[in-house]
Amino acid sequence: MRFTPRLPQDNVNVSKTSDLREFFWLLGIILAVLVLVYLFLGFALDVVVDRISPKMEREIGVVFNKMYKIKDNEISPLEESIQKLLDSLVEKAPALNMDYEFKVRVVENNDFNALALPGGNIVIFSGLIKEINSQNELAMVLSHELGHFAHKDHLRRLGRRLVLVVISSVLFGERSSVAQFMERTLITADLKSSRQQEVVADKFALDLLDKKYGHVAGGRELFQLMKKKGNLPMFFQYFSTHPAPEDRLNIMMEEIIINGYLVKETIPLDPIYRDQTVVD
Amino acid sequence: MDALIYFILFIFVGYISGTIIEKKHYLDIEVREKKYLNLPAISSKNIEDESRILSANLVSGSVVISLDYFKRFLAGLRNVVGGRIHSYETLLDRSRREAVLRMKENASSMNADMILNIRFQTLGVGQKANKKGNIGCFEVVAYGTAVKLKPGT
């Protein structure tokens, strides 16, 4: 047997395709399918949300209460004060589903944010309490969250988030980089509808503010505060799905003019809001 | 949104660095393959006339190569729809050739005349790290028997 030294002319082990082309091709197809499934499930969810009973919602809420370490019977003087304000707002809101028993809790967190949790709990971050200047602004925050309850946005969004996590973890495995990428993209795809939810909740809040005080002072101040905080698009809710504070301010000013709301003096905050910086 | 930008940056950096490294590696492999062209490396277990063999030694070459972020992500997409994972092909091709070259370098330092009975093995390294979403890597080992022939045969 003779040995003839020779290099192979061609490499059969490597495909002659472009990685980049494959990347965009696959990404496009998969994203398109996911968006379709997500939108479809989103519509299905809108149907289901109205059928969730208050009892069931409370059970869902238990998970979140644990997440934010909310205990049913422990209540601080600060929370008691906010609760009174909340109760007086709820009285003025006939559109609200009275099956809820609304409770407010303050959670230690520096974000300028508040959340509507399933089951009727409203969480306000201490970072928000520190920034606001009047009772009316606080009432605006609470009314906004009540607006989410009135339209069941909190459940809708929770459900969409769930759909998202389920889809991506089934396909790509839990917490893989592909899954994370897909989730982010899909959240962005759904921005429009959630922004609409925010605007609707803002309108609801203005209306409630007017019913409670006879004027809507505090609303504008709150959005100006938010604008000042600037880099925080995240306000009131779980994701950065809110319109820019400036746009919201503009929409609200229009709303004030259209409805002929009055703007009068704001009511200063009780000193208790300043003394109590740490709330357990 | 920030996270998305970081992600795209990672993919971009992974693609650029991965491509540059791969090109350089292939150039290097081609040069060295030409250099060792005259050292036969075959998979048969023996030569026709065993009496020609003066000495035999085990030689091996191994290489560990890491995936880059881009290749890994591309393979992740492939996992969904199925099909050939092209992005890993070049990686494994380079690893095998590099392993053979290292084995040849090993044999050449012993002044061997040829390498018989070549075998390959591939295994994943850091599989656990892989599961946590980190970049994984794999090893390719090539081994064989380097033989010296009796002078004049």
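A note on names: the letters A, B, ... follow the listed sequences, proteins ahead of strands, and every chain is numbered from 1. Since the structure is predicted, the reported quantities are computational estimates derived from the model, not experimental observations. Scope of the values below: all heavy atoms of this structure, side chains included, with no hydrogens, waters or symmetry mates.
Residues B:Val63 and B:Leu101 have side chains not in contact (no heavy-atom distance under 4.5 Å, counting atoms from C-beta outward).
Interface check for chain A: of the options B:Arg84, B:Met114, B:Lys71, B:Glu89, the most heavy-atom pairs under 4.5 Å are formed by B:Glu89.
Contacts of B:Tyr15 with chain A are made by side-chain atoms alone, with heavy-atom separations under 4.5 Å and no backbone atom involved. Contact of B:Arg94 with chain A is not made at all, since no heavy-atom distance falls under 4.5 Å. In this structure, the portion of B:Arg96 lying under 4.5 Å from any heavy atom of chain A is its side chain and not its backbone. Contacts between B:Ile47 and chain A at a heavy-atom distance below 4.5 Å are absent for every atom of the residue. Of the two parts of A:Ser15, the backbone and the side chain both hold a non-hydrogen atom closer than 4.5 Å to a non-hydrogen atom of chain B. With a 4.5 angstrom heavy-atom cutoff, B:Tyr88 does not touch chain A via any of its atoms.
Inspection of the B:Asn46 and B:Glu50 side chains reveals an N or O donor paired with an N or O acceptor under 3.5 Å.
Ion pairing between a basic and an acidic side chain is recognised when a charged N comes within 4.0 Å of a carboxylate O; B:Arg72 and B:Asp68 show no such pairing.
The residue from B:Lys24, B:Arg32, B:His25 that alone fulfils the side-chain hydrogen bond (donor to acceptor under 3.5 Å, both in side chains) condition with B:Asp28 is B:Arg32.
Two rings, from B:Phe7 and B:Phe73, have their centers less than 6.0 Å apart.
A distance of 13.5 Å separates CG in B:Leu92 from CD in B:Glu98, rounded to the nearest 0.5 Å.
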